[in-house]
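Here the structure is laid out as structure tokens; the discussion comes afterwards.
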Amino acid sequence: MTASTPHPSSDAEIFDRGYRSYDGPRNGVGTGMFSVFVASVQRALGLRRKFRFKIVPVATIFIAYVPALVFMGLAVLLPAEIADELVADYASYFGLLSIAVILFTAFVVPEVLSTDRTSGLFGMYMASPLNRGHYLVAKFGSLVSLMFLVTLFPVLFLLVGYMVNDIGPDGLIDTIEVVGKIMLSGLIMSVFFALLGMAASTLTTRKGFASAGIVMLLIGSGVMSGVLVESGDAPAWVALFNLGGLPFDVITRVFDASIDQIEGVGTFASVGAWAGVCAVCVAIVVFGYRRLEVTK
Amino acid sequence: MRWHSRPMDIAVVDSVSSPPSVISATAVSKSWGSHSVFTDLTVEVPRGVTGLLGSNGSGKTTLLGMLLGLHHPDGGDLRILGEDPAHAGPELRQHIGYSPEHHDLPDDVAAQDLVRHIAQIHGLPRREATTRSSDALWLVGLGEERARPVGTMSTGQRQRVKLAQAIAHGPSIILLDEPTDGLDPVQRDDMLALIRRIGTEFEIDVLLSSHLLEEVERIADNVVIVADGTVRAAGPISELRSGRGGVIVQVADRSAELASALRSSGLEIDEQRDRILVGTTEAAEDLVDAIRDAVAAVQAPLRRLYPVEQSLEELFLTEVHDA
């Protein structure tokens, strides 16, 4: 270690620790993608960032768990027979998560995707061993994982609470079935909203526009299809255009919760609509990113 | 052109029997829509520090983009470290460092986190990435500032963060796009000295683009001048400079006799106020003997006799404006 020549305009000295080239083994693209995954999750949750960046994600996640705590409280306080009637089942809890999921989609997804384009980081990724495909897969993975925080995990949390209070599933087979259904439902919801958010964030580099667009799309499509269905003139399948409610409808079919299902629409149509929206979003993202020029 | 005999030390290159140049282009063409950037780009870039010179809009950034595989050439053959960047796998780019032209970096990410992240993406294990990103930031003079968010940094500091992330993963070659853009004169000196050091002491080949001749002249071994879609001049700076310009002879007296003697021996001369420029285009070495003989013949009292060192700027102006 040597101190180099002092800076001519100040007393400061550059402390020189030298440089070592790296000749060791290098990890493949998979590890690089994992690094993007980790960085995205950290960014979205405001980790290693100032306090104000933590508020929205923490508040949203909080909203997702509060009802679960309330239901668990009810289960503790009330006798099992009454509690069983009163507390939400797993399918309807996914419905209760809507607000948290909409907020999360609107404010967290654009943060993960749009900022890379405005910050120049996307260009630096493209100059690295990663290509567009690697990048998008890593981003998608991080978003689905983040979505689990407000879809899958709250319901698993609820399940654990119910089981502790003896109103959960009985026996191993039952438990496995319920856990499986919850995981499938979490995936249905997470993939759908992650892709929807990615599509919106692909169309604009402005985070604000993407957030506003997502909220307007989810709420607007719900109101529009609701009005049309209520008026009685529209066919039942119009209700599937309620994008915020569509994955929930698919989930009710996973749990066979017929009460919450859209009347007059078959499971096939519901799942088809879900897959169709996902496919359109994938197309928007892939096409948008393929066209995106990295000039600088 | 001078070739370095040092063997290339990475696996990617071993497989293609050690090419003499780190970058080679043969008849590369590229256009954006109807705008043609390169029509016929042919050049060999040897090891060492190479300056890529051209006026704004001459395609320097496009060339760097093609070397990174971001853009595909329309035609011709382009190679970096012996591989075709448009079709090579990710392993090639693990050995290339890149510092973009823009100063935009993620605002609220600490410099150290950013540099480590880029190093990990280039294949370094986490522990190595952490130590080397820290070393790189110390090297560029941001050791004390490494935990600071990039958004709070000045342009000079951002340029240094960009340089740090380009070298932290131990690349074989770094591509620097206008690395001194936005720096004040003192920062520019520091940056150029650092780049020179990276190219010599650390043995990383450097290709830096610039529209400023003076800085390339100061630190580069070789220069590539691009203009009008093609390479106007390329080679070691010393050769490009001394290979032309002739010899200046200055005598205390009998200047007119000397001039006519030189003219009669078939040399092209240009009489200036108190000196004679001999052989305006030929290489200096061949002329000196002839001039000495002429001076002896007319018995002129010789004051000075020296080859004209053409500055890169003159070369640049000649090459770009004669185009």
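Each chain gets a letter, A, B and so on, in the order the sequences are listed, and its residues count up from 1. The structure presented is a predicted model; accordingly, all values stated were derived computationally and were not measured.
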Checking side-chain polar atoms at under 3.5 Å, does [X] have a donor or acceptor matched by the opposite partner on [Y]?
| X | Y | result |
| --- | --- | --- |
| A:Lys207 | A:Thr115 | no |
| A:Ser119 | B:Asp104 | no |
| B:Glu215 | B:Thr180 | yes |
| B:Asp74 | B:Ser31 | yes |
| A:Thr151 | A:Ser190 | yes |

Greatest number of heavy atom pairs closer than 4.5 Å to chain B - which of [options]:
| options | value |
| --- | --- |
| A:Ser35, A:Ser21, A:Gly24 | A:Ser35 |
| A:Val36, A:Asn131, A:Asp116, A:Val38 | A:Val36 |
| A:Phe53, A:Tyr125, A:Tyr22, A:Phe34 | A:Tyr22 |
| A:Arg20, A:Lys50, A:Met126, A:His134 | A:Arg20 |
| A:Arg43, A:Arg132, A:Arg26 | A:Arg26 |

Interface residue of largest heavy-atom contact number with chain A, from B:Pro125, B:Gly143, B:Gly69, B:Gly151, under 4.5 Å:
B:Pro125

Any idea which of B:Gly170, B:Gly123, B:Pro106 has the most non-hydrogen atom pairs under 4.5 angstrom with chain A?
B:Gly123

Is the CZ atom of A:Phe209 crowded by more than 12 outside heavy atoms at less than 6.0 Å?
no

Heavy atoms of other groups near A:Leu47 CG, more than 12 under 6.0 Å
yes

Examine whether an atom of [X] lies under 4.5 Å from a heavy atom of chain A, and if so say whether it belongs to the side chain, the backbone or both; otherwise answer neither.
| X | answer |
| --- | --- |
| B:Ile118 | side chain |
| B:Pro171 | both |
| B:Asp189 | neither |
| B:Glu144 | neither |
| B:Arg116 | side chain |
| B:Asp108 | both |
| B:Leu142 | neither |
| B:His169 | both |
| B:Val109 | side chain |

Are any side-chain N or O atoms of B:Gln165 and backbone N or O atoms of B:Lys162, one a donor and one an acceptor, separated by less than 3.5 Å?
yes

Is it true that A:Tyr289 and A:Phe122 have ring centroids separated by less than 6.0 Å?
yes

Is the A:Phe157-A:Tyr65 ring centre distance short of 6.0 angstrom?
yes

